[in-house]
Amino acid sequence: MLKKLLKLSGVILLGLALTGPAAAQKIKVGYWTSGVSLGFGSTMESMKFLEKQGLDVEYVKFADVNGPTKAIVSGAIDVAFGASAAGALSIAADGVPIKIILATQIAAVHFAVLDSSPIKSLVDFKGKKIGMSPPGSATHALAVALLEGNYGLKLADYTVVPGNEPRLAQFLSQGEIAAGALRSTTVAQMKDVKLRILGGYVSEWKKLTKSSAAPVIGDGIVHSEYLAKNPDAVVKFVAGMKEATDWGGKNTERVAEILQKAANMKPESASDYAKQWNDIYVTSFEPADVAMMKKMAEIFKGAGSMKKDVPDSAFATDPYVKAKPRFGK
């Protein structure tokens, strides 16, 4: 009798172990530790939004904007947020086994010059040095497409000076470049420099496409094999992303505190960055978002940034659709 009771107790304990914290689904999440990815990533980690969904999270950080995309390809990470939209579309077109599951970062980028600059319009970029994110980033691909589509400027008509946001801000301030494609967070932090904004990605995109949808520079992507084996984990990932997006927009002071600690930002700069939250972060994959990404792929291909078409199968909407009932809970 005693043996039976001990055996039964063992079975019960095993069942509890499998349904308790130890059963949390493992997920490797990658992101770029610069640009606007830094703010969201730092907040996600600090506030443990994914862990609250029941995920066992390992964050993998990359100094290179293309790092998360490359890591997805190699299987070093399972999912990424803020991955270059251009890179995601490109590898999907090449048949790499990844799925695009979210729009995560709006293209809140501005073409800026010093207030004293003789440049009056984007068409005046011809023959000039223009600073922007490195090739492979969506910021770069969009700039090239917009300048050609709206102003007839080919890539050979100007010199691209690549760099991360702090470097581009420094180059522009010192006059080493004539203009820069700068994120809104960077523009907001350059209070001591008199800038003139010549145009923004969102307005230029709407002009080019004659649509009301805003383009994105960051996507959520997942390795196809991980999605196939762990569909519920990806749903939880989307739900956690949405919670983080909503929370950050309502708690900018707390976000600023996180940035001061995680990114060693000065209080004023961190506050300026945090106040841009609702203009740059999104967790969405509605039909309009998919249509916008397909249009981006079409324009990137026309501008020479991509060689192939992106198959419809690259866009996986199921995780977002299944996560929506969890939003706001």
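Being a predicted model, the structure only gives us computed values, none of them experimental.
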A.B. asks: Which distance, rounded to the nearest 0.5 Å, do you find between the CG of L259 and the CZ of R254?
C.D. replies: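 Taking CG in L259 and CZ in R254, the distance rounds to 10.5 Å.
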A.B. asks: Say whether L142 and V282 are linked into one hydrophobic cluster, either directly or through other cluster members, by side-chain heavy-atom distances under 4.5 angstrom.
C.D. replies: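 As far as the 4.5 Å side-chain criterion goes, V282 and L142 are not connected within one cluster.
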A.B. asks: Can you confirm whether K126 is buried at NZ, in the sense that more than 12 heavy atoms of other residues, nucleotides or ligands lie under 6.0 Å from that atom?
C.D. replies: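 Check fails, neighbour count at 12 or below.
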A.B. asks: Honestly curious: do I130 and L208 fall in one hydrophobic cluster under the side-chain, below-4.5 Å linking rule?
C.D. replies: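 In one cluster: yes.
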A.B. asks: Look at K294 together with E298 and state whether they make a salt bridge at an N to O cut-off of under 4.0 Å.
C.D. replies: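 Between E298 and K294 there is no salt bridge, as every charged N stays at least 4.0 Å from the carboxylate O atoms.
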A.B. asks: Check whether any side-chain N or O of Y226 sits under 3.5 Å from a backbone N or O of G75 as a donor-acceptor pair, and report yes or no.
C.D. replies: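 Not at all, since once roles are kept as given, no pair shorter than 3.5 Å links the two residues.
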A.B. asks: Could you grab the distance from atom CD1 of I98 to atom CD1 of I221, nearest 0.5 Å is fine?
C.D. replies: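 Output value for this atom pair is 5.0 Å.
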A.B. asks: For a 4.5 angstrom cut-off between non-hydrogen side-chain atoms, does V73 reach I91?
C.D. replies: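 The answer is yes; the side chains approach within 4.5 Å.
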A.B. asks: Just wondering, are more than 12 heavy atoms of other shown residues or ligands nearer than 6.0 Å to CG in N264?
C.D. replies: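 Atom CG in N264 is not packed in, count stays at 12 or less.
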A.B. asks: Looking at S42 and G39, would you say the former's side chain and the latter's main chain have a donor-acceptor pair under 3.5 Å?
C.D. replies: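 Between the backbone of G39 and the side chain of S42 there is no qualifying donor-acceptor contact (under 3.5 Å).
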A.B. asks: Do side-chain atoms of T186 reach the backbone of L182 as a donor and acceptor pair under 3.5 angstrom?
C.D. replies: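 Checking the backbone N and O of L182 against the side chain of T186, no donor-acceptor pair under 3.5 Å is found.
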A.B. asks: Can you tell me how far OG of S284 sits from NZ of K242, rounded to the nearest 0.5 angstrom?
C.D. replies: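 Taking NZ in K242 and OG in S284, the distance rounds to 7.5 Å.
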A.B. asks: Check this for me, if you would: do D56 and K236 make a salt bridge, where the nitrogen-to-carboxylate-oxygen distance has to be below 4.0 angstrom?
C.D. replies: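 Looking at K236 together with D56, the answer is no, because their closest N to O distance does not fall below 4.0 Å.
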A.B. asks: Does D124 pair with K128 as a salt bridge, N-O distance under 4.0 Å?
C.D. replies: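 Looking at K128 together with D124, the answer is no, because their closest N to O distance does not fall below 4.0 Å.
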A.B. asks: Does some side-chain heavy atom of I101 sit less than 4.5 Å from a side-chain heavy atom of V234?
C.D. replies: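 V234 reaches I101 side chain to side chain.
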A.B. asks: Looking at every heavy atom in both A103 and V216, which two are closest together, and how far apart are they?
C.D. replies: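 That closest heavy-atom pairing would be CB-CG1, 3.9 Å.
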A.B. asks: Can any side-chain N or O of S137 pair as donor or acceptor with the backbone N or O of P134 at less than 3.5 Å?
C.D. replies: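 Yes, the answer is positive, given that a donor and an acceptor are paired below the 3.5 Å cut-off.
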A.B. asks: What I want to find out is whether R326 reaches E243 closely enough, with some N-O distance under 4.0 Å, to be called a salt bridge.
C.D. replies: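 No, R326 and E243 are not salt-bridged.
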A.B. asks: Does Y59 reach the side chain of M44, with side-chain heavy atoms less than 4.5 Å apart?
C.D. replies: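 They are in side-chain contact.
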A.B. asks: Please round to the nearest 0.5 Å and tell me the distance separating atom OG1 of T283 and atom CZ of F237.
C.D. replies: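 T283 OG1 to F237 CZ: 8.5 Å, rounded to 0.5 Å.
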A.B. asks: Is K154 salt-bridged to E148, cutoff N-O under 4.0 Å?
C.D. replies: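 Salt bridge flag = yes for E148 with K154.
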A.B. asks: Check whether more than 12 heavy atoms from other residues, nucleotides or ligands sit under 6.0 Å from atom CD of E253, and answer yes or no.
C.D. replies: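 12 or below, so no.
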A.B. asks: Taking atom NZ as the centre, does K322 end up with more than 12 heavy-atom neighbours from other residues, nucleotides or ligands that are less than 6.0 angstrom away?
C.D. replies: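 No, the 6.0 Å shell around NZ holds no more than 12 heavy atoms from other groups.
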A.B. asks: Under the criterion side-chain hydrogen bond (donor to acceptor under 3.5 Å, both in side chains), I'd like the reasoning laid out for D272 against Q189: C-alpha separation, chi angles, the key distance, then a yes or no.
C.D. replies: CA-CA 6 Å; D272 290 336; Q189 292 171 323; over 6 Å; no
A.B. asks: Side chains of K275 and D279: does their closest heavy-atom pair fall under 4.5 Å?
C.D. replies: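 Not in contact.
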A.B. asks: Could you check, using the six-membered ring where one of them is a Trp, whether Y31 and F81 have ring centers closer than 6.0 angstrom?
C.D. replies: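 Ring centroids of Y31 and F81 are less than 6.0 Å from each other.
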A.B. asks: When rounded to the nearest 0.5 angstrom, what distance separates CE in M132 from CG in L147?
C.D. replies: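 Here the interatomic distance stands at 6.0 Å.
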A.B. asks: Under 3.5 Å, is there a donor-acceptor pair between the side chain of S133 and the main chain of T139?
C.D. replies: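 The answer is no, because no donor-acceptor pair under 3.5 Å joins these two groups.
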A.B. asks: Do T252 and S271 make a side-chain contact, defined as non-hydrogen atoms from C-beta onward lying under 4.5 Å apart?
C.D. replies: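 No; the side chains remain at least 4.5 Å from each other.
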A.B. asks: Could you walk me through whether S116 and K194 pass side chain to side chain contact (heavy atoms under 4.5 Å, CB included), step by step?
C.D. replies: CA-CA 8 Å; S116 58; K194 290 185 177 180; over 6 Å; no
A.B. asks: Linking I/L/V/M/F/W/Y whenever their side-chain heavy atoms sit closer than 4.5 Å, directly or via other members, would V29 and V238 fall into one cluster?
C.D. replies: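 Yes; V238 is reachable from V29 via cluster members.
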A.B. asks: Hey, do the aromatic rings of Y151 and Y158 have their centres closer than 6.0 Å?
C.D. replies: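 Aromatic pair excluded; centres sit 6.0 Å or further apart.
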A.B. asks: Can you check whether G67's main-chain N or O pairs, donor with acceptor, with W32's side chain at less than 3.5 Å?
C.D. replies: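 Side chain of W32 to backbone of G67, a donor-acceptor pair under 3.5 Å: no, none is there.
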A.B. asks: Give me the atom names and distance for the closest heavy-atom approach of A270 to A256.
C.D. replies: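 Heavy-atom minimum between the residues: CB-O, 3.4 Å.
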A.B. asks: Is K324 paired with E286 through a side-chain N to carboxylate O contact shorter than 4.0 Å?
C.D. replies: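 Yes, charged N to carboxylate O under 4.0 Å.
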A.B. asks: Tell me whether N230 contacts the main-chain N or O of A233 through its side chain, where contact means a donor paired with an acceptor under 3.5 Å.
C.D. replies: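 The answer is no, because no donor-acceptor pair under 3.5 Å joins these two groups.
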A.B. asks: Would you give the length of the straight line joining atom OG of S269 to atom NZ of K191, rounded to the nearest 0.5 angstrom?
C.D. replies: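 The OG atom of S269 sits 8.0 Å away from the NZ atom of K191.
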A.B. asks: Under a 4.0 Å threshold between the charged nitrogen and the carboxylate oxygen, would E165 count as salt-bridged to R183?
C.D. replies: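 Salt bridge flag = yes for E165 with R183.
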A.B. asks: Following the transitive rule for hydrophobic clusters with a side-chain heavy-atom cut-off under 4.5 Å over Ile, Leu, Val, Met, Phe, Trp and Tyr, establish whether I72 and V57 coincide in one cluster.
C.D. replies: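 In one cluster: yes.
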A.B. asks: Verify the ring-centre separation between W205 and Y201: is it less than 6.0 angstrom?
C.D. replies: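 No, they do not, as the ring centres are separated by 6.0 Å or more.
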A.B. asks: Any chain of hydrophobic side-chain contacts (each under 4.5 Å) joining M306 to L146?
C.D. replies: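 Shared cluster, yes.
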A.B. asks: Begin with the C-alpha distance, continue with both residues' side-chain angles, and end with the deciding distance and a verdict on salt bridge (charged side-chain N to carboxylate O under 4.0 Å, His left out) for K307 and D94.
C.D. replies: CA-CA 8 Å; K307 304 300 181 184; D94 288 338; over 6 Å; no
A.B. asks: So H223 and K229, do their side chains get closer than 4.5 Å, heavy atoms only?
C.D. replies: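 Sidechains of H223 and K229: no contact.
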A.B. asks: State, to 0.1 Å, how close S84 and G136 come at their nearest heavy-atom pair, and which atoms those are.
C.D. replies: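 Closest heavy-atom pair between S84 and G136: OG-O, 2.8 Å.
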A.B. asks: Looking only at heavy atoms, which two atoms of S184 and I280 are closest? And how far apart?
C.D. replies: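 Looks like OG-CG2, 3.5 Å.
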A.B. asks: Tell me whether K206 at atom NZ has more than 12 heavy atoms from other residues, nucleotides or ligands lying less than 6.0 Å away.
C.D. replies: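 Yes, NZ of K206 has more than 12 neighbouring heavy atoms, counting only those of other groups under 6.0 Å.
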A.B. asks: Report the C-alpha separation of L153 and V144 in whole Å, then their side-chain angles, then the decisive distance to 0.1 Å, and conclude whether the side chain to side chain contact (heavy atoms under 4.5 Å, CB included) test is met.
C.D. replies: CA-CA 8 Å; L153 293 173; V144 172; over 6 Å; no
A.B. asks: Quick one: does any side-chain atom of K99 pair with a main-chain N or O of E225 as donor and acceptor, under 3.5 Å?
C.D. replies: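 Here the side-chain-to-backbone pair does not exist.
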A.B. asks: Quick check against the 3.5 Å criterion: does H110 have a side-chain atom that pairs as donor or acceptor with the backbone of A112?
C.D. replies: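 No.
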A.B. asks: Using every non-hydrogen atom in the two residues, find where Y281 and F40 come nearest and quote the distance to one decimal.
C.D. replies: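 That would be OH-N, 3.3 Å.
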A.B. asks: Heavy atoms only: give me the nearest A24-L55 pair and the separation to one decimal.
C.D. replies: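 So the two residues come closest at CB-C, 4.2 Å.
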A.B. asks: Check for a donor-acceptor pair, side chain of T104 on one end and backbone N or O of G82 on the other, with a separation under 3.5 Å.
C.D. replies: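 Yes.
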A.B. asks: Do E58 and I27 have side chains that approach each other closer than 4.5 Å (heavy atoms only, starting at C-beta)?
C.D. replies: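 The answer is no, as the side chains (C-beta and beyond) never meet within the 4.5 Å cut-off.
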A.B. asks: Contact between D246 and F327 at the side-chain level, heavy atoms closer than 4.5 Å - yes or no?
C.D. replies: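 No, their side chains stay 4.5 Å or more apart.
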A.B. asks: Answer yes when D78 and K28 have at least one side-chain N-carboxylate O distance shorter than 4.0 Å, and no when they do not.
C.D. replies: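 No.
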